[in-house]
Amino acid sequence: MAQRTRDRVDLLQGTLDMLILRTLLFGPAHGHQIGKHIQRTTDDLLQVQHGSLYPALHRLEEKGLVVSKWETAPDRNREFKYYRLTPSGRKQLRTEESKWKRLTGAVARIMWPVEET
Amino acid sequence: MRRKKRREDDLDRELRSDLELETEEQRERGLSHEDARYAAQRALGNTLLLKEDVRESWRWSAFERLGEDLRFGVRMMLRRPLFSCSAILLLALVIAANTVLFSAIDAVWFRPLPFRDPGRIVAVSEQPPRNVQWKRQMLPPADFLTLQKNNHSFETLAAAAGERDTVLVNDRAESVSGEGVTADYLPMLGIAAKEGRTFLPSDNPEAREVVLSSNFWSRVFERHDVIGQSLNVNSKAYTIVGVMPSSFTFPTEEEGAPELWTLMTPSDLTHSNRVSVVGRLQRAITPQAAASEAEALLRAAHDLIPPSDRPQGMIVRDLQAQRAEFSTPMLKALSCAVGLVLFIACMNVAGLLLGRSAERRHEMAVRYSLGAARARVVRQLLTENILLWIIAGLTGLALSVLGIKLLVPIASQAFVELPQINVIGINSRVVAHTFVVTFVTGILFGLVPAVQGSRVDIVGTLKETGRGLMSSRRMHYWRKALVASEVTFCVILLIGAGLLLKSLVKLTTQPLGFRAGNDVTFRVELTGEGYKDAIARNNFLDRLLKQLSNLPGVQSVGATTALPLKGTVVFGFSILGHPAGHNAFMLTGNDIISPDFFRTLGIPLLAGRTFTERDSERSEQVAIVNETLVRRYFAHDNPIGQRIKQGDEKSQAPWMTVVGIVGDVKHAGLDWDTLPVIFVPYRQAIPMFQPLTREMSLVVRAGSRVSLNSEIRATVSSLDRNVPVVEMEPMGDIIAAKELPSEFSSAIFGGFACMSLLLAAIGLYAIVAQSVLQRRKEIGVRIALGATPGNITGSTMREGVILGVIGAIAGLVGGLALTRLISSMLFGVTTTDASVFIAVPLLLVFMASVATLLPSLRAALTDPVEALRFE
């Protein structure tokens, strides 16, 4: 399996789904693009394993949060399987996002408590 | 299926396009074509596992996976057909045994009796006094009348008395089993007649009305309309008022299903010896409350009886429990035995599966190296194992249908007291039970081999090209534990079987007190109009005995009201001059006999004289007593010449002079204690006992084996063609029928014990054989270094024999705890019989030595050169 270097961070369970949905907010994308986008945006800190990415995509599709379609890429003469968000996917993203905010907020309060003044 | 294929293709295409893109990107970074491809492949990772994970997210995949596992399981089974078939057959056999037994238990315990609101129908009886045993649980009619009149616990309290009735069918006398019932008996059960009506509570008990069983109706009247017609019963004309449905069973069927019911008149009731009492409880009254009320009501009556002969209290319990009483110990013991055999068989199969998983280690290692998760492998193996159990369960269910067909006819003879035997069959409850048993044992015993089989040292196994020894120690430990438990259960079964076998030997070799040679017994029923008077019956008997003894080939003829082994009528008696307080209701059997009875059956006369022709109505009243009566009541006096009477001292019965003492005879069950018995010549039977002579049993002793049956029938018929001859059978058959239950139970237990012994032997053999195979190299080295064959054999045998000894010790402890269950089935043997408890472990250790000797000898013959080259 692909090696992991020390400075890379493993994703929290369930977080990957949220990141995929967030990525698709920019518009339809195929699997390779999604993976690369997450990796690039985090300066290679988050490396998405294919072994997690594709099962996650299929799981999201099964839940009806994304739909997929084979389409020709605009810049090349080849078909890719493009995923795009559904309305319920958008809704799910908003819920996940607010949950995540509350979670990180809570964790932050423990890790870096506001010093008393 | 097509949808799935499309999805698979789609996934392949998606991953391929990802791979291509990655390759392109890597090439743009300047890698060679080849290196770029590898880098891309690495980035993609383990595609097999990835696909498996993706499939997981597809709906239905759990079921599809189960289907795949099952298909694979079937393929694995087919690859080793002999192994699979023998495992399935073994499991199927024990599951079938389990199902057959449960169907019997279901019929006895769980299937509601076919009455309206059967939970409130109870049987009322008294607990027998400490010094007597009796099987038919009945009450004296006076007690019944007291209860019926005064109780507040029962909606209805009804009585019945079984009798043989002589029915005239097409001018031929035929004896049928009938029940006299009080008028409210049948209405209380709440089962409507099939034709006509049952009796009504308001029926005049003197009315001569008869209700027929469906069986009798079809047999005699071929299902024609008979309501309102007349039927001649005991020489009286009865009106047929109804026919019961074929599903109807009478609450008391110890004597076989009744064929007709008549009304009991008040005088019938008071003149019967004992009646069986059944009642319907008031709502919200418990059986216990009813029992204590009954006890209170009867206390005054019972106080007249001396404490030792007094009933121990009243029993009121629901009919189902009452009817199950005699079969319950047997069913419990059998359940235990069948359960043990089931576990032994399951452990055997689990052991075999463990052995097999050693062979499949390579396959497992390959699975892991391809990325399979541990849980996935366990699930696969467990599915395979449970599949084995399920096939066995279905086969077992099919076998049990055959088994029931085969066993019910035998069991119905061996256990006359097993109620509902004719309704034993497979129903939804039985099927559910079988499935639960199959699944629970399948999961329980399939899990250990599955978990152990999934424990593989991947690298070691793959390097060693197959036989990895790394993790087999743990597996070996499990197999040893299984084999030791098998031996334990086997010892328990062997102890049970040993005790029963020893009882059987004791039972069948005990002296019966009489000789059974070339003799035939039968009964004449003097119930017709011409025999109302006892004198008329006595005259008929005189002539019959004379004519029979004149038949060629007949040595002697005896008549009695109580054939040996067939039970007797128990009543109180008193001895003249015995201290007061000990003279009322000492219980004895009462047999009314002909003078030649003792000579015919070879019952020894110990003192005094037997009866002669001169002991008649007009001569002095005489009696002969048996040894037990003398031992119990005349410990210090010579009984000859003493005077005794039936009933208490103030009873109407005349005093009788004891003129002789005879040896004890088994009067009822082979396992029953002998009762004190008073014998009286039939000419001198007191009025109270005279009704007994309506059914006289005769014993004809012939000089040779030539059958006299037709001559006997002709003789009876020549005297009176309306007198039926019933139950004609050799004395030997009566004895054989009494021995049958013990033979049956020891055969069943013996069979189970042998089977378990064989299984335990196979288990021990397999474990030693495998350990010899695994230690082949080591053994080779030892032989090369000079170990003698004896050293080698000893060391390998030790393993198996130690397991045998451990199992045997645990089994002895278990045996001590469990043999209580069969205590009621034992005769002349205690549950801790030393010889059995010593013989069984010895047998076990012997078996363990034999089973381990063979593989150990093979070990000793190992060729060191070959062994060292091996692997």
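Quantities reported herein were computed from a predicted structural model and do not represent experimental measurements. Below, each value reflects all heavy atoms present in this structure, side chains not excepted, and no hydrogens, waters or symmetry copies. Throughout, a chain's letter reflects where its sequence line sits, starting with A, and its residues are numbered from 1.
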Would the number of heavy atoms belonging to other residues, nucleotides or ligands and lying under 6.0 Å from [atom1] of [X] be above 12?
X       : atom1 : answer
R356(B) : CZ    : yes
F83(B)  : CZ    : yes
F72(B)  : CZ    : yes

Heavy-atom pair count under 4.5 Å with chain B, highest-scoring of S52(A), P55(A), G31(A), G51(A)
P55(A)
Could you check if a side-chain atom of W70(A) sits within less than 4.5 angstrom of a side-chain atom of E14(B), using non-hydrogen atoms only?
yes
Do L21(B) and K36(A) touch side chain to side chain, with heavy atoms closer than 4.5 Å?
no
If I take atom CG from residue D18(B) and atom CD from residue Q33(A), how far apart are they, to the nearest 0.5 angstrom?
10.5 Å
Reported CG-to-NE2 distance for the pair D10(B) and H58(A), which is rounded to 0.5 angstrom:
6.5 Å
Side-chain H-bond candidate by donor/acceptor type, H50(A) with E22(B), under 3.5 Å
no
Can you give me every donor-acceptor pair (side chain of residues 17-30 of chain A, partner residue at least two apart or in another chain, under 3.5 Å) with its distance?
{"residue": "T23(A)", "atom": "OG1", "partner": "L19(A)", "partner atom": "O", "Å": "2.6"}

Can you pull out the residues in residues 78-87 of chain A with any heavy atom less than 4.5 Å from chain B?
R78(A), E79(A), F80(A), K81(A), Y83(A)
